[in-house]
Structure formats: structure tokens, C-alpha cells
Protein chains: 2
Amino acid sequence: MPQQAEQPAANGAPSLGPLPGYVGFNLRRAQVASFRHLERTAGSLNLTPGQFSLLTFLEANPGVSQKTVSQELGVDTSTLTPVLDGLANRQLIRRGRADHDRRTYALSLTPSGTRLLNRMRARIEAQETEMAAALSPGEREDLLNMLERICLRLESNG
Amino acid sequence: MPQQAEQPAANGAPSLGPLPGYVGFNLRRAQVASFRHLERTAGSLNLTPGQFSLLTFLEANPGVSQKTVSQELGVDTSTLTPVLDGLANRQLIRRGRADHDRRTYALSLTPSGTRLLNRMRARIEAQETEMAAALSPGEREDLLNMLERICLRLESNG
DNA sequence: TATTGTTATACTCTATAACTATA
DNA sequence: TATAGTTATAGAGTATAACAATA
């Protein structure tokens, strides 16, 4: 399956063997590189990529419950609770109880949450520009497309 | 930067907003999908993707030190130590002291490490086949290529 | 002094199971 | 009984700093 030949470590330099030929390995590497790059370029805002996704989701869907966030972002509600605690303590989100069902929260951004999200979005988009610079025109859209197809395939199979 | 239009949540279905238009977001999603799929299809072998990479690296480079592994796979030596402890306890790797420098280890696979690696490799390559089935011919190689270019770009910039 | 590796420690992310409160 | 959310707990993964042994 690895379509790229293994590089023999003839010289004494270490070789990654078949690893560079695996999509899974490269996916992991690129994702780690992206997190580390963001840590360097946006670390001062104290928002992880996961927290950014969360705030972005709340901006697009004000009033949603924690259950909905859990389902749509693919993390357990027990994982979400402490994350939301942190964002609420920082006054970035509001956690109003819903009128119709007092078990559920209605989550939304505060004005300061919206401001921080906008600042973070600029850093995220700077990284997207950086990544796009490594691609030729059209490749970026192909890449988004392929990644989505891979997700769907893996989630429906095996 | 997100080139795909946001889907308005007109119907009441939640929307991911601009997230599907970010490469970083899709990278993360695909990587998580890959880990979870592997957990389902290869969990019984008790080898994480990281441990698989490690064993593969040792097979390609028998006799390397922990420092070299650390550098080539991009994890701190203090992270590596307990991982290698676990693999050595399971008799999957050998940790001989090097003759020329008694500080360094010479790491290599045991026969049973090689056998387990071969079994895991079959599961990994089955996943690669599964992912390739979501792509058209040629796309897989393009994808490997793009992911590598993105890594290089992010590691050299910002 | 510098380097290899270990340890202590800490923080994040993740989940399962048992729980509270509401429905 | 069922559902939304919390808590206790546990495990993987990651790193920094201080350390021991060796060079």
C-alpha cells in the first residue's frame, strides 16, 4: 500500500521507512504541525483549536444545548463540561437555562467572547493562508474535499 | 479564507459555520476519524498509532538511540521513556547499551516485536485501502504530497 | 562542561460510570 | 423511565525542570 519507496538509510541517516507512504501518518504529522504552529502564532490569546471550534459553533448556533454541541463536534458531554466551565469563567460564553426545559442550557457568546473569537479567527485564517501558500491554485479545495470524503468513509465503515 | 459558503441553519439543524472551510479543522477531523477507526479495527492488538510508528522506525533503523527516535519522530525524550518502558516490558523491543557510549541505548525489535508489527501493519494497510477507496486514482498520491508540503511550510514559518 | 536518559510533576484531552435534577 | 448535565476517576499524550551516569 505505501506507494512511495522506502528510503534505504545507506548513508547512516535514519529513515522513516514506509511511514511517509501512509495517509494516516501524514494526516497526524500535518495536524500536529498545525497545532504547534498555532501555539506559536496565537498562543497569547489562550484559545486552543478546540476552544476556537466551540466558540465558532456557538456563534453560528446561538442558544444550542451542550448535548447538541457534543453531537455536532464529536466530543462527549463529560469532556465538554469542564471546557465550558473554563470559557464561562473567562466570561466568553453565557450559559442561560432554557425556559422550556430547565435541564438544558442555552449557550451563547458574550460580547467579549465575540471579540476574542474575531481576534482568534484572524490568526486561524493567517495559518490557512500560510498552508494555502504550500499548495497550487485549486489544490486547497481538492484537499478539503478529500479530507471530508476520508472522514465519511472511515465513519461509515470498519 | 474559508472558500466554502457557510450553510445557514435555516431549518433549525445546527450548522458548523465556517469550520468546514478550514484545512486545519478538516485535518483534525480526519485524523481523529483515522484513530477511532483504527481503534475499532485493530484495538485488539493493543498498539496505538504512535507505538506502530515507533516499531516501524526501529525496524527500519535497528540500533538507534532514544535521542534519534525523539528527533525523527518529533516527541520529547521524556515522553519516549515510559512508552519504551511499556514496549520493553511486553518484550517487543530490546534495549541494549551501546558499546562505544554507555549512556546511549541501542534499540531494536525482538522477534515477537517483529511479528506483532507485521500483524499491525496489515491492519494499518487495510485502513489505507479503506481511505484510498474514498479517493479517485491519483488523488492519494496528491494528498500525500500536499500533506507533506503543508508540514514543511508550517515547520519553517511563523 | 555537555549529553543521554530518567524522574517528578503538571496539564490537556479523552472517555466510562455513577450521580442529580428535571422531564 | 428517560434525558441533560455534572462529577469522580482513569488513561493516553504531551512537556519542562531537576537529576544521575557517562562522556
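Remember, predicted model here, so these are calculated numbers, not experimental data. What you see below is based on every heavy atom in this structure, not just the backbone, and it leaves out hydrogens, waters and symmetry mates.
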Nearest whole angstrom, please: distance from the [atom2] of [N] to the [atom1] of [X].
{"X": "B:Arg97", "N": "D:dA21", "atom1": "CZ", "atom2": "P", "result": "11 Å"}
{"X": "A:Gln66", "N": "D:dA4", "atom1": "CD", "atom2": "C1'", "result": "8 Å"}
{"X": "A:Glu72", "N": "D:dA4", "atom1": "CD", "atom2": "P", "result": "14 Å"}
{"X": "B:His100", "N": "D:dA23", "atom1": "NE2", "atom2": "P", "result": "10 Å"}

Boundaries of the DNA chain C segment in contact with chain A, non-hydrogen, under 4.0 Å: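 Using the under 4.0 Å cut-off, the span is C:dC13 to C:dA23.
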
With sequence neighbours left out, write down each residue that passes salt bridge (Lys or Arg N to Asp or Glu O under 4.0 Å) with A:Arg103, or none if nothing qualifies.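 A:Arg103: salt bridge (Lys or Arg N to Asp or Glu O under 4.0 Å) contacts with A:Asp101.
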
Salt bridge (Lys or Arg N to Asp or Glu O under 4.0 Å) with B:Arg94: which residues, sequence neighbours excluded?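 None.
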
Please check this pair: side chain of A:Thr56 against backbone of A:Phe52, looking for a donor-acceptor N/O pair closer than 3.5 Å.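 Side chain of A:Thr56 to backbone of A:Phe52, a donor-acceptor pair under 3.5 Å: yes, one is there.
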
Donor-acceptor pair, B:Glu128 side chain versus A:Gly24 backbone, under 3.5 Å?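 Yes, the answer is positive, given that a donor and an acceptor are paired below the 3.5 Å cut-off.
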
Counting heavy atoms not belonging to B:Asp99, are there more than 12 under 6.0 Å from its CG?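 No, CG of B:Asp99 has 12 or fewer neighbouring heavy atoms, counting only those of other groups under 6.0 Å.
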
Any chance you could list the contact pattern along nucleotides 10-18 of chain D? Use B for base contacts, S for sugar-phosphate-only contacts and - for none, protein heavy atoms under 4.0 Å, 5' to 3'. ---SBBBB-

Listing request: all side chain to side chain donor-acceptor pair (under 3.5 Å) pairs with a residue in residues 109-120 of chain A, at least two apart in sequence or in separate chains.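 Listed by first then second residue: A:Asn118-A:Arg121.
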
Picking from A:Leu45, A:Leu109, A:Leu54, what satisfies side-chain contact (heavy atoms from CB on, under 4.5 Å) with A:Leu117?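 Checked A:Leu45, A:Leu109, A:Leu54 against A:Leu117; only one passes side-chain contact (heavy atoms from CB on, under 4.5 Å): A:Leu109.
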
Any B:Pro20 side-chain heavy atom under 4.5 Å of A:Leu144 side chain: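 No, side chains not in contact.
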
Report the C-alpha distance between A:Thr81 and A:Leu84 in whole Å, list the side-chain angles of each, state the deciding distance to 0.1 Å, and finish with yes or no for side-chain contact (heavy atoms from CB on, under 4.5 Å). CA-CA 5 Å; A:Thr81 295; A:Leu84 294 170; over 6 Å; no

Check each residue of residues 102-110 of chain B for a non-hydrogen atom within less than 4.0 Å of any atom in DNA chain D, then write out the ones that pass by number, or none.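 The answer is B:Arg102, B:Arg103.
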
Looking only at side-chain N and O atoms, does B:His37 offer a donor or acceptor that is under 3.5 Å from a partner on B:Gln127?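 Yes, because at least one side-chain N or O of B:Gln127 sits under 3.5 Å from a partner of the opposite role on B:His37.
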
